[in-house]
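Each chain gets a letter, A, B and so on, in the order its sequence line appears, and its residues count up from 1. Quick caveat, the model's predicted, so the values are computed rather than measured.
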Protein chains: 2
Amino acid sequence: MAKPSPTHAGNPILIKLGKRIRQLRESQGLSQESVALASGLDRSYFGGVERGEHNVAVINLEKIALALDIKIVDLFERK
Amino acid sequence: MAKPSPTHAGNPILIKLGKRIRQLRESQGLSQESVALASGLDRSYFGGVERGEHNVAVINLEKIALALDIKIVDLFERK
DNA sequence: ATGTGACTCAAAGTCCGTG
DNA sequence: ACACGGACTTTGAGTCACA
C-alpha cells in the first residue's frame, strides 16, 4: 500500500477522484505505468491514487491532468 | 513563510489558486480568520494558501470550498 | 486582521521489490 | 499491466509568536 493514512483513509472524495482518473485513463487506452511516466510520478504512487489512497496535492493533480491531456476541473467534474 | 518548498516555490497554479480563493472570500466579505475557522484550518495556514505558498491537497481544497460554500471546481475555474 | 519565520510530525511521494 | 508491501526521503499539515 501507499501507506494507510488514518486521517484520510477511504475518504469519499479521494475514492471518487481515483475512480474518475482511472476512468479517464482507461478511456484513452493507457496503462497506469505510461500515465505515471508521462506525469513524472511513481507508478506505485499513481496506482494508489486511483485506489483513493492518496490525498493528492494540487501540483500532482496538474501533472496527472496534463498526462491525460485534460484540465484539473475535469478530474472533479463530468463535462 | 510556511516553508519554502523547492518543488512548488512560486508555482503559477498555486499563485492562481490563492488569488482565486482570496477573491471568492473577499467577494463574500469574509476575513481570513473566519474562513479559516469555518474550514477547520489554522488562520496562518489559510493565509499562506491565499499567498500561493502551499501545495494544498484535495482534502483541504474540499474544506476550503465548503467554508466558502462553493465547489472544488469553482476554485480552479471561473463559472 | 494579516504576513512571516521557526518549528514539529504525520503524510506525501520515491524506489526497491513481490505475486 | 496491476496490486501491494517495506524502507526510505521530502514536504504538506498544522501551530505559535511576533511584527
Side-chain angles (χ1 to χ4, degrees), chain A residues 1-15 17-68 72 75, chain B residues 1-68 72 75-76:
Chain A
M1 292 263 202
K3 202 192 283 175
S5 306
T7 58
H8 70 258
N11 186 309
I13 207 174
L14 298 178
I15 301 286
L17 175 66
K19 283 187 182 166
R20 184 105 185 92
I21 291 174
R22 173 162 301 186
Q23 189 179 79
L24 288 161
R25 173 179 63 80
E26 289 180 341
S27 77
Q28 297 185 34
L30 302 168
S31 71
Q32 285 186 356
E33 283 181 341
S34 66
V35 176
L37 189 72
S39 56
L41 298 173
D42 190 75
R43 102 190 128 66
S44 173
Y45 173 71
F46 185 78
V49 170
E50 288 196 348
R51 273 172 258 130
E53 290 165 4
H54 289 291
N55 184 16
V56 195
V58 175
I59 289 182
N60 280 346
L61 287 177
E62 190 190 25
K63 288 182 186 170
I64 293 171
L66 249 129
L68 291 173
I72 288 186
L75 296 175
Chain B
M1 297 263 197
K3 201 193 281 180
S5 305
T7 59
H8 72 259
N11 187 308
I13 207 176
L14 298 178
I15 302 288
K16 214 181 135 194
L17 175 66
K19 283 187 183 165
R20 183 106 186 92
I21 291 175
R22 176 162 298 186
Q23 189 181 78
L24 288 161
R25 173 179 62 80
E26 289 180 340
S27 78
Q28 297 185 34
L30 302 169
S31 70
Q32 284 186 357
E33 281 183 338
S34 64
V35 177
L37 188 74
S39 55
L41 299 173
D42 190 77
R43 159 191 89 67
S44 175
Y45 174 72
F46 183 78
V49 170
E50 287 196 348
R51 274 170 260 130
E53 289 164 5
H54 289 291
N55 184 15
V56 196
V58 176
I59 289 183
N60 279 349
L61 286 177
E62 190 190 27
K63 287 183 186 169
I64 292 171
L66 247 127
L68 291 173
I72 289 186
L75 296 175
F76 292 100

What is the distance, rounded to the nearest whole Å, between atom [atom1] of [X] and atom [atom2] of [N]?
X: B/D42; N: C/dC7; atom1: CG; atom2: P; value: 17 Å
X: B/H54; N: C/dA12; atom1: NE2; atom2: P; value: 16 Å
X: A/L41; N: D/dT10; atom1: CG; atom2: C1'; value: 15 Å
X: B/K63; N: D/dG12; atom1: NZ; atom2: C1'; value: 12 Å
X: B/F46; N: C/dG3; atom1: CZ; atom2: C1'; value: 14 Å
X: B/L61; N: D/dG12; atom1: CG; atom2: P; value: 13 Å
X: A/E53; N: D/dA3; atom1: CD; atom2: C1'; value: 9 Å
X: B/E26; N: C/dT2; atom1: CD; atom2: C1'; value: 11 Å

Hey, is the side chain of [X] poking within less than 4.0 Å of OP1 or OP2 on [N], counting only N and O atoms?
X: A/Y45; N: C/dT14; value: no
X: B/R22; N: C/dG3; value: yes
X: A/N60; N: C/dA12; value: no
X: B/R25; N: C/dT2; value: yes

Once you apply a heavy-atom cut-off of 4.0 Å, does A/G40 come out as touching a base, just sugar-phosphate, or nothing? sugar-phosphate
What's B/Q32 touching, base or sugar-phosphate or nothing? Going by heavy atoms closer than 4.0 Å. sugar-phosphate
Donor-acceptor check, side chain of A/N55 to backbone of B/I59, threshold 3.5 angstrom: yes or no? yes
Nearest to the A/S31 side chain among D/dA3, C/dT14, D/dA1, which nucleotide is it? D/dA1
Among C/dA12, D/dC16, D/dG12, the one nearest any side-chain atom of A/N55 is C/dA12
Compare every heavy atom of [Y] with every heavy atom of [X], then report the nearest pair and how far apart it is.
X: A/I64; Y: A/L41; answer: CG1-CD1, 3.7 Å
X: A/L75; Y: A/L61; answer: CD1-O, 3.6 Å
X: A/S27; Y: A/L24; answer: OG-O, 2.8 Å

Pair A/E50 + A/R25, salt bridge at N-O below 4.0 Å: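 Salt bridge present between A/E50 and A/R25.
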Side-chain donor/acceptor of B/S44 to base of C/dT4, under 3.5 Å: yes
Answer with yes or no whether A/R43 presents, from its side chain, a donor or acceptor under 3.5 Å of a partner atom in the base of C/dG17. yes
First encountered from the 5' end of DNA chain C, between B/E33 and B/A57: B/E33
